[in-house]
Amino acid sequence: MDIFHGLATVLTSPVLLGWIMAAALIGMTVGAIPGLTASAAIVMLSPMTFYMDPLSALAFLYVIGKSGRYGGSIAAILFNTPCTAASAATQIDGYPLAQKGQASKAMKVATISSVIGDFTGDLLLLLGVGFLAAIALKLGPPELFSVYFVAFVVIGSVIGKSILKGLISACLGVLVRMIGLDPITLDDRFTFGIFELNGGVSLISLMIGIFVLGEVFTQLTNDTGPRATNLRGGLNEDKALNRLSWGEYKRCLPHVARSSVIGSVIGALPGLGSAVAAFVAYAEGKRRAKNPEEWGHGAIEGIAAPEAANNAVSGPSMAPLLILGIPGTTIGAVLISVFLVHGIQIGPTLFLTSKELVYNLFAAGLIGIACYGLIGYFGAARVGQLVQRIPRRVLYPLIFFTAFVSAYVPNGSLFDVWAMLIAGIFGWVMRKIDLNPAAFIISFVLAGGAEESFRQSLRLSDNGVLIFLERPISAGFLLLGAAVVFYRVRSMRRAARQMTDLAN
Amino acid sequence: MSRLSKDQLIGGVIAALGMCTLGMSFTIGHQMWGGESSRLFPLIVSVVLIGLGGGLFLTADKAAPVHIKIDPQAVRLLCLMGVGVLYTAALGKLGYIIPTAIAMPVVFYLFGLRSWVGLAASVVLGPLAYHLIFFVALKVYPPYAPWLDIPFLSGMN
């Protein structure tokens, strides 16, 4: 089987193993720093991976993404400061348990659950991805465009609190992607006569600006930062109280199993992401728990469920990315740029042209899970102490300057640096007015493929845009997109009505 | 006259942006004899943007008019953005090391570092570290510095 070849390749390459271990540590540390996310780290480091071989580059960034998801639990449990929305679910029971002097136990539960969830997600990916790729090869331009359309609609309407603002963010992303020469007719679009814009706006510059520089601007105006709210869960705590026994963890296993499946299913759908998975898993776990009154007050099951779901998202989120070129997460959007820089075309033909690379990448992911699991189980508290020691007045200026040089590195172009700066200011504005940067970036990435398949479909069609309704799979996807928006609007209206009733 | 709320303002700006891009889309070349063209997608997206902006304007909560206040944090933020602009412009004239050595202590100061030793160290150590990592270890070609290129300045090249 291909995965075993992949494991053999990875395990017999010391350099690659070194990159994977470094990625596990970097991701966990960055994920634990409030204000930074694994996405920001991946975006900043991706230009440096252009000098690496394709497998090392992809494995490095992929494992940072995995361990960064886990690293968010460190800040949530130890600092009561979730770095991501997903780790906010872990914080509900994690921090109360840390306050009882059992932070190490909480971290061990989070680590084991993350590892099990991540492995489950990767296993389902390995079992299903070849089959899905074979189906994807049969999709024509109308079906592909419909899938892109659903992705736009889902990402715009599900991410964030406002459907209109999410869809506006998605539209803006598509519009910015239109800048440059048209790939078919070479007409210039929105270039204003600027020669450097003929090639369009660089994805790396845009992402560094929006996610990294935009965050630096936001942090300058925040007075709060990482602080040691409570590191009684450090090395001086009661060891007996923090020992995790098999009997204790056995109670968590049904929750971990259920949450892993929830996370895997949600991860395969573009746009939903770890936060949705973590909270759905928490809510479902509490509903089925034998001790629901303990949830919210330090129940270890309340840590296990969201952590398993959060990390189970990682593997299956690669499925739409690799098969259709649709990134469901910002990490996926960065990985697309790395694939393209190394000359690898993702999409349905990837499994025909670069099958070995793909399975080597999956194998690297499995090894990465083991790495962050070991580091986290024995060293999470030390990582927390390290993070505490980094003052924000040193960290964020360094990130500021790293963003500038990272934007310059890919093409050696100062125009990219200007683009990054403008994107950074735009990213800060987006955060201020509650537009969604993730929807913007993902739509930017999808827009090229969507336009290409749309125009190809019109060329094939005798009836213009009706081709999208004449083909059943295409029509089915369009209906799915409409259904998602309908249910989202309905659930938001229901939630608003409940809030009004509570207020009255 | 009642003031606009934040979402009304955003909706209005988005709709106006959509109208601008709609107008610009008509300047993109099109197929004279039918068929799909390079202006089709920008036209569609512009129309959708106008619709979404208008929708946001009409459905916005009108209760909270927008207030723009300039406080010390806003001033620091504007300073940081200004440093970014000047730094990028300087990179194109003076190369990497000199602009970084000037900008680094300013940015550290904006983020709250007040130690003169730390600020002085950042002038030397910061540019040196970045230069060694990116331009020596990774062998990235540094930005050209025309203002430091004497033959260029004297017109001898």
CA sep, side-chain torsions, deciding dist, call: B:F134, A:Y408, ring-ring contact (aromatic ring centres under 6.0 Å, His included): CA-CA 10 Å; B:F134 289 95; A:Y408 175 79; 9.6 Å; no
Is there a side-chain contact between [X] and [Y] in this structure, where contact means two heavy atoms from C-beta onward sitting under 4.5 Å apart?
| X | Y | answer |
| --- | --- | --- |
| A:P47 | A:I208 | yes |
| B:M81 | A:W428 | yes |
| A:F190 | A:V201 | no |

Residues of residues 10-22 of chain B contacting chain A, heavy-atom criterion under 4.5 Å, by residue number: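 Residues B:I10, B:I14, B:L17, B:T21 are the ones that qualify, each having a heavy atom under 4.5 Å from chain A.
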Heavy-atom donor-acceptor pair, [X] side chain to [Y] backbone, under 3.5 Å:
| X | Y | result |
| --- | --- | --- |
| A:S461 | A:L458 | no |
| A:S443 | A:G173 | no |
| B:R39 | B:I28 | yes |

Could you tell me which of [options] has the largest number of non-hydrogen atom pairs under 4.5 Å with chain A?
| options | answer |
| --- | --- |
| B:L110, B:D7, B:T27 | B:D7 |
| B:S122, B:G55, B:G112, B:G92 | B:G112 |
| B:L91, B:I133, B:L56 | B:L56 |
| B:L77, B:V140, B:V48, B:V85 | B:L77 |
| B:A89, B:G53, B:G126, B:G51 | B:A89 |
| B:V107, B:L113, B:I44 | B:V107 |

For [X], which atoms come within 4.5 Å of any heavy atom of chain B: side chain, backbone, both, or neither?
| X | value |
| --- | --- |
| A:I168 | both |
| A:L213 | neither |
| A:F217 | both |
| A:F192 | side chain |
| A:T402 | both |
| A:Y51 | side chain |
| A:A447 | backbone |

Aromatic ring pairing A:F145/A:F454, orientation class (parallel under 30°, perpendicular over 60°, tilted between):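 Judged by the thresholds at 30° and 60°, the geometry between A:F145 and A:F454 is tilted.
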Residue B:Y109 excluded, over 12 heavy atoms near OH under 6.0 Å: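 For B:Y109, atom OH is not crowded (no more than 12 foreign heavy atoms under 6.0 Å).
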Neighbour count >12 (heavy atoms, 6.0 Å) for atom CZ, A:F149: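 Not buried by this count: 12 neighbours or fewer within 6.0 Å.
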Among A:T218, A:D434, A:L421, residue most engaged with chain B (heavy-atom pairs, under 4.5 Å):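 Greatest number of close heavy-atom pairs with chain B: A:L421.
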Pick from A:K165, A:R177, A:R189 with the largest number of heavy-atom pairs that fall under 4.5 Å of chain B: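 Option with the top pair count is A:R189.
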Gap between atom CZ of B:F41 and atom CG of B:L43 - 0.5 Å precision: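 Going from the CG atom of B:L43 to the CZ atom of B:F41 covers 11.5 Å.
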Show me, pair by pair, the donor-acceptor contacts under 3.5 angstrom made by side chains of residues 96-104 of chain B, not counting sequence neighbours?
unit_1: B:T100; atom_1: OG1; unit_2: B:Y87; atom_2: OH; d: 2.8
unit_1: B:T100; atom_1: OG1; unit_2: B:Y96; atom_2: O; d: 2.6

Interface moiety of [X] toward chain A, non-hydrogen atoms closer than 4.5 Å:
| X | value |
| --- | --- |
| B:P72 | neither |
| B:Y130 | side chain |
| B:T59 | side chain |

A:R431 bridged to A:E215 by N-O distance under 4.0 Å: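 A salt bridge links A:R431 with A:E215.
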Steps toward salt bridge (Lys or Arg N to Asp or Glu O under 4.0 Å) verdict (B:D71, B:R76): CA-CA 9 Å; B:D71 57 11; B:R76 282 195 315 166; over 6 Å; no
Residues A:F400, A:Y396; criterion ring-ring contact (aromatic ring centres under 6.0 Å, His included); working and verdict: CA-CA 6 Å; A:F400 179 86; A:Y396 288 106; over 10 Å; no
